[in-house]
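Since the structure comes first, as structure tokens, the remarks are kept for the end.
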Amino acid sequence: MKTQSTRSIILGAAFLMATSAIGPGFLTQTTVFTDKLLASFGFVILISIIIDIGAQTNIWRILAVSEKKAQDIANEVLPGLGYFLAALIVMGGLAFNIGNIAGAGLGTNVLFGVSPELGALLSGIVAICIFLVREAGKVMDRFAQVMGFVMIALMVYVMFTAQPPYGEAVVKTFVPDTIDLLAIVTLVGGTVGGYITFAGGHRLLDAGIKGKSALPQVTKSSVSAIGIASIMRIFLFLAALGIVSQGLALNPDNPAASVFQHAAGDVGYKIFGVIMWAAAVTSVVGAAYTSVSFIRTFSSFIDKNAKWFIVGFIAVSTIIFVSIGQPVKILVLVGSLNGLILPVALGVMLVAAHKVKIVGDYKHPIWMTIFGIIIVIAMAIMGGYTLFNGIPQLFE
């Protein structure tokens with residue numbers, strides 16, 4: 001019974017991270033880049049998966065062996081650094097949650113014809129209810145798993161209906177016509193950037209799965225999480241490729257919706273509504289849970305009332321969207337900052353991995369350290385590029 005419970009928690013953590021990554025931005029970015037790069041986008045997905053696995057396995061392992069949350073590890077590496085990291089995570093989580101709530105509103109609009117604002121309000125209430133039940137952790141794990149399976153099953157149907165050129169997609173994945181660095185950074189940032197990479201890692205800590213003895217389970221869960229998100233990305237890429245390869249135009253206002261509509265007519269459009277809603281609400285849950293996990297160790301009051309802080313986080317995100325709509329400028333700014341959170345977070349974890357007072361007698365594999373350093377340098381350079389290109393847009 002205990003083994004089954006542990007297995008459920010490990011799978012739940014993987015799905016929590018994956019469904020946190022699969023949000024409205026994930027659906028839109030994948031479609032837009034497929035339209036731009038065609039089959040060569042497969043190469044971008046391949047490289048981003050390799051970087052995602054390298055970043056996530058490093059971070060989750062170090063969280064597990066230290067048995068501490070990321071912000072506490074950061075404070076031990078350099079006093080005050082944990083507060084800075086927590087501020088980045090919470091600010092990014094709140095801004096993106098407003099976008100996730102907007103996506104949930106769009107999904108209900110497609111499904112039921114209600115206004116996006118009303119749909120967002122109702123979706124926010126659903127997300128809040130998940131945390132108000134007695135066994136909130138178990139309900140969150142199960143909700144993430146069920147919604148994840150629903151999204152993948154519907155995506156497979158649309159992919160086959162779109163009839164993509166599979167052979168060309170495979171060839172161009174390894175021999176692309178063009179390499180788009182910005183697309184790689186966007187995908188990595190959207191999969192393991194900001195709060196997302198910590199969603200499952202902190203969930204495992206909260207569930208008591210930690211220490212050196214738990215490393216095989218932690219590694220399996222971290223790779224599974226990237227695998228789930230990547231499967232969804234690949235299916236969506238193939239579906240979009242099938243549509244654009246037929247010469248059909250995508251609606252620039254909602255490119256992902258037009259892929260589904262072209263592929264399967266009105267049924268496809270409704271399927272898009274289900275996937276958009278599921279992707280948005282699971283991202284709302286993941287963002288709220290993880291953002292609050294970054295501040296709960298700073299105060300016993302926050303720790304005791306974590307559930308209500310999570311509820312408040314969701315409520316504030318919902319109220320902001322319903323009141324003033326999606327604040328595009330905030331999303332642009334925080335989107336740029338999000339590109340910088342991964343190299344900061346991963347860099348801190350790699351330093352911590354070699355401090356005895358944090359990890360004890362644990363020896364972090366040299367190849368993982370080198371892999372992590374390469375990712376930190378590459379993402380810092382590209383994150384800086386997007387930051388300096390993102391901020392000027394605010395003032396145009």
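Keep in mind that this is a model prediction, so the values were computed, not measured.
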Rounded to the nearest 0.5 Å, what's the gap from [atom1] on [X] to [atom2] on [Y]? Could you check?
X: His354; Y: Thr369; atom1: NE2; atom2: OG1; value: 3.0 Å
X: Gln71; Y: Leu81; atom1: CD; atom2: CG; value: 11.5 Å
X: Ile62; Y: Leu350; atom1: CD1; atom2: CG; value: 5.5 Å
X: Ile226; Y: Asp52; atom1: CD1; atom2: CG; value: 4.5 Å
X: Phe309; Y: Ile302; atom1: CZ; atom2: CD1; value: 4.5 Å
X: Glu168; Y: Ser40; atom1: CD; atom2: OG; value: 8.0 Å

#### Entry: Ring centers of Phe294, Tyr195 separated by less than 6.0 Å
no

### Query
Would you say the ring centroid of His364 lies under 6.0 angstrom from that of Tyr362?
yes

Neighbour count >12 (heavy atoms, 6.0 Å) for atom [atom1], [X]:
X: Lys307; atom1: NZ; result: yes
X: Phe112; atom1: CZ; result: no
X: Phe298; atom1: CZ; result: yes

Any donor-acceptor pair under 3.5 Å from [X] side chain to [Y] backbone:
X: Gln246; Y: Ala162; value: yes
X: Asn58; Y: Gly54; value: yes
X: Ser258; Y: Asn251; value: yes
X: Lys357; Y: Glu76; value: yes
X: Glu67; Y: Lys210; value: no
X: Thr108; Y: Val114; value: no
X: His202; Y: Leu63; value: no
X: Ser221; Y: Ile10; value: yes
X: Lys69; Y: Thr297; value: no
X: Gln56; Y: Thr219; value: no

Is there side-chain contact between [X] and [Y], with heavy atoms separated by less than 4.5 Å?
X: Met151; Y: Thr19; answer: yes
X: Pro255; Y: Thr28; answer: yes
X: Thr191; Y: Ile196; answer: no
X: Phe313; Y: Val90; answer: yes
X: Thr6; Y: Gln217; answer: yes
X: Met159; Y: Tyr166; answer: yes
X: Phe143; Y: Val281; answer: yes
X: Trp277; Y: Met147; answer: yes

For the residue pair [X] and [Y], what are the closest heavy atoms and their distance?
X: Ala64; Y: Leu205; result: CA-CD2, 4.5 Å
X: Ala229; Y: Ala18; result: N-CB, 3.9 Å
X: Pro164; Y: Leu238; result: CB-O, 3.0 Å
X: Leu37; Y: Ala183; result: CD1-CB, 4.3 Å
X: Ala214; Y: Ile209; result: CB-CG2, 3.9 Å
X: Phe321; Y: Ala102; result: CE1-CB, 3.4 Å

### Task
I would like to know whether Phe131 and Tyr289 meet side chain to side chain contact (heavy atoms under 4.5 Å, CB included); could you show each step before the answer?
CA-CA 9 Å; Phe131 290 102; Tyr289 174 81; 4.1 Å; yes

#### Entry: Aromatic plane relationship, Phe33 with Phe41 - under 30° parallel, 30 to 60° tilted, over 60° perpendicular
parallel

### Message
Does the Lys NZ or Arg CZ of Arg233 fall within the cation-pi geometry relative to Phe26 - under 6.0 Å from the ring centre and within 45° of the axis?
### Response
yes

### Task
With side chain to side chain contact (heavy atoms under 4.5 Å, CB included) as the test, would you mind laying out the steps for Leu236 and Phe260 before giving the verdict?
CA-CA 10 Å; Leu236 179 55; Phe260 287 76; 4.1 Å; yes

### Query
After noting the C-alpha distance and the side-chain angles of Val274 and Leu154, does the key distance pass the side chain to side chain contact (heavy atoms under 4.5 Å, CB included) rule?
CA-CA 9 Å; Val274 174; Leu154 292 175; 3.7 Å; yes

### Task
Show the numbers, then the answer: is there a ring pair (Phe, Tyr, Trp, His ring centres under 6.0 Å) between Phe174 and Phe43?
CA-CA 6 Å; Phe174 298 97; Phe43 176 78; 8.8 Å; no

### Task
Mind running side chain to side chain contact (heavy atoms under 4.5 Å, CB included) on Ile228 and Phe149 for me, showing each step along the way?
CA-CA 9 Å; Ile228 294 161; Phe149 282 123; over 6 Å; no

### Task
Look at the side-chain heavy atoms of Ile, Leu, Val, Met, Phe, Trp and Tyr, link any pair under 4.5 Å apart, and say whether Leu132 and Ile319 land in one connected group.
no

### Query
In terms of hydrophobic clustering (I, L, V, M, F, W, Y; side-chain heavy atoms under 4.5 Å; direct or indirect links), are Leu346 and Trp367 co-clustered?
yes

### Task
Could you check Ile53, Ile47, Leu46, Ile51 and say which one makes a side chain to side chain contact (heavy atoms under 4.5 Å, CB included) with Ile49?
Ile53

